[in-house]
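Just below is one structure, and these are the notes that go with it.
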Amino acid sequence: MSKSLPYSMKDVHYDNAKFRHRSLFKVITQTLLTSNMRRECLSCSTGKFLGLLMIFGLACLMLTHTNKAHSVSDGLAKGIGTNEEHKEVTDVGIRFKKLFRRAPRLPPRLSPDEKIIHRNFTGKLNEPNVEEQWKARQQNVKDAFTHAWSGYKKFAMGYDELMPVSRLGVDGLGGLGATVVDSLDTAMIMGLDEVVSEAGSWIESHLLDRIRQKGQVNLFETTIRVLGGLLSAYHLSGGDQGMTLAQKGPKPTIYLDIAKNLADRLLSAFTSSPTAIPFSDVVLRDSSAHSAPDGLSSTSEVSTLQLEFNYLSAISGDPKYSTEGMKVLAHLKTLPKTEGLVPIYIRSMKISVCLGKVMSAIKQRK
């Protein structure tokens, strides 16, 4: 069985803190101090009045319940209380408790070391069939992957995706065989040499021509699926002294050369943009790029390209990929933020450029 992943006790303490019970007073105060309600109530006289009214009502409810409980208990002690009075107080107490009843919470999470100690104490860890169970689960995952690959290879080899019901291939991601490249590193990790050989042979024979001939692709999708898949295959096949998990398929330099060719064309999204934010779409065959119709780029997309471009610069020795990618993060730091957050979309074109294009389009129509 593989060793457990490294962990930090800070993570365990953080998770356990979520399971600690909080008093009613603490819940109310934290809610008021951490939400917009505090600002709204302080700026509104009606809100202040309602808040005071709520606190006064709760105080009266608690005092009334306490007085009734004391009076009845005193009466019972003196022998003049009745069963009806005692039942009435009990019902009031039950209703009062239901009013502030908390939802059940899960037990605290144990750290990996504590789990091992607990399982050793209970004797569950040393069961003889645990190792066999994990091997069976691993084999089930590999069988599912092999089944999916066999269907894709039979009905849609070379297409981006397979539609399982109609058994047809579709190019929804630019036509670069995204499933082939995206599945290669998974097959290497699983040790499926036959799949590695089939996918690697297709990449070596067809992918470079596809890159040279295809038209528009999305910068983000192509980077994370195709460029990322090529770089993962390069590393897992032993490139740059990485992990040698694949015994079959092309040499690591094949993956690197194709990745550089693709990245050079994707760089046009950065160099063509008048700002540090890259355009969203690239035309591969002529290495040109253009923005989305509204001139906006997704913040989550442009700020997650740095992993692939930084690694490509590290293994190729060419800093241009990393330089362009890191310009995006430098630009994000300069943007105005609301509560520490930047907008969901960022404009990749200056307003003057957008207006110029609109005016030119209007003139052409006239």
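Excluded from the calculations below are hydrogen atoms, water molecules and symmetry mates; all remaining heavy atoms, backbone and side chain alike, are included. These figures come from a predicted structure and were not determined experimentally.
The minimum heavy-atom distance between S287 and S268, with the atom names listed, is O-CB, 3.2 Å. The nearest pair of heavy atoms linking S297 to V302 is CB-CG1, 3.9 Å. Nearest heavy atoms, A259 versus L231: CB-CD2, 4.0 Å. A292 approaches S280 most closely through the heavy-atom pair N-OG, 3.3 Å. Residues S201 and S197 come closest through the heavy atom pair OG-O, 2.7 Å. Of all the heavy atoms in P343 and P336, the pair that sits closest is CD-O, 4.4 Å.
Within the 4.5 Å cutoff, the side chain of L284 has heavy atoms near those of the L262 side chain. The closest side-chain heavy-atom distance from P250 to I203 is not below 4.5 Å. Under the 4.5 Å side-chain criterion, counting only non-hydrogen atoms from C-beta, F309 is in contact with T223. With a 4.5 Å cut-off on side-chain heavy atoms, Q216 and H290 count as touching. At a threshold of 4.5 Å between non-hydrogen side-chain atoms, the residues F270 and K327 do not count as touching. Side-chain contact between Y345 and S298 is present, with at least one heavy-atom pair separated by less than 4.5 Å. A heavy-atom distance below 4.5 Å is found between the side chains of I211 and R265. D281 places a side-chain heavy atom less than 4.5 Å from the side chain of N218.
Put simply, the side chain of K337 gets close to the backbone of L332: a donor and an acceptor are under 3.5 Å apart. Judged purely by atom type and a 3.5 angstrom limit, T299 uses its side chain to pair as donor or acceptor with the backbone of I344. Under the 3.5 Å distance criterion, the side-chain polar atoms of T304 are matched with a main-chain donor or acceptor of E301. No side-chain donor-acceptor contact under 3.5 Å links T222 to the backbone of L219. At distances below 3.5 Å, not a single donor-acceptor pair connects side-chain atoms of S273 with backbone N or O atoms of A269.
Considering CD1 of I258 and OG1 of T253, their distance stands at 9.5 Å, rounded to 0.5 Å. In this structure, CG on D193 lies 9.5 Å from CE on M188, to the nearest 0.5 angstrom. Separating the CZ atom in R210 from the CZ atom in R212 is a distance of 14.0 Å, to the nearest 0.5 Å. The CZ atom of R225 sits 12.0 Å away from atom CD of E308, with the distance rounded to the nearest 0.5 Å. Atom CG of L329 is separated from atom CD of Q306 by 4.0 Å, given to the nearest 0.5 angstrom. Residue K214 holds its NZ atom at 11.0 Å from CG of L207, rounded to the nearest 0.5 Å.
There is a path of hydrophobic side-chain contacts, each under 4.5 Å, that joins I224 to L266. Grouping the Ile, Leu, Val, Met, Phe, Trp and Tyr side chains by contacts below 4.5 angstrom, directly or via other members, places V141 with L192. I189 and V195 fall within a single hydrophobic cluster, where Ile, Leu, Val, Met, Phe, Trp and Tyr side chains are chained together by heavy-atom contacts under 4.5 Å. L227 and W202 fall within a single hydrophobic cluster, where Ile, Leu, Val, Met, Phe, Trp and Tyr side chains are chained together by heavy-atom contacts under 4.5 Å. L208 and Y159 sit in two unconnected hydrophobic clusters of ILVMFWY residues. Membership requires side-chain heavy atoms under 4.5 Å apart, directly or through other members.
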Donor-acceptor pairs are to be reported for all side-chain atoms of residues 164-187 against protein atoms at under 3.5 Å, with residues two or more places apart or in another chain.
residue: D171; atom: OD1; partner: D160; partner atom: N; Å: 3.0
residue: T179; atom: OG1; partner: D160; partner atom: O; Å: 2.4
residue: S183; atom: OG; partner: T179; partner atom: O; Å: 2.7

Identify all side-chain donor-acceptor contacts of residues 316-324 below 3.5 Å with residues at least two apart in sequence or on another chain.
residue: S316; atom: OG; partner: L312; partner atom: O; Å: 2.6
residue: S316; atom: OG; partner: D318; partner atom: N; Å: 3.4
residue: D318; atom: OD1; partner: K320; partner atom: N; Å: 3.2
residue: K320; atom: NZ; partner: D264; partner atom: OD1; Å: 3.2
residue: Y321; atom: OH; partner: D264; partner atom: OD1; Å: 2.7
residue: S322; atom: OG; partner: N310; partner atom: OD1; Å: 2.6
residue: T323; atom: OG1; partner: P319; partner atom: O; Å: 2.8

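Using modelled atom types, one finds no donor on one side chain facing an acceptor on the other under 3.5 Å when comparing Y255 with H235. Side chain to side chain, D209 and Q213 fail the donor-acceptor criterion of an N or O pair below 3.5 Å.
Within 6.0 Å of atom CD in E194, 12 or fewer heavy atoms from other residues, nucleotides or ligands are found, so the atom counts as exposed in its surroundings.
Partners of Y152 by ring pair (Phe, Tyr, Trp, His ring centres under 6.0 Å), not counting sequence neighbours, listed by chain and number: W149.
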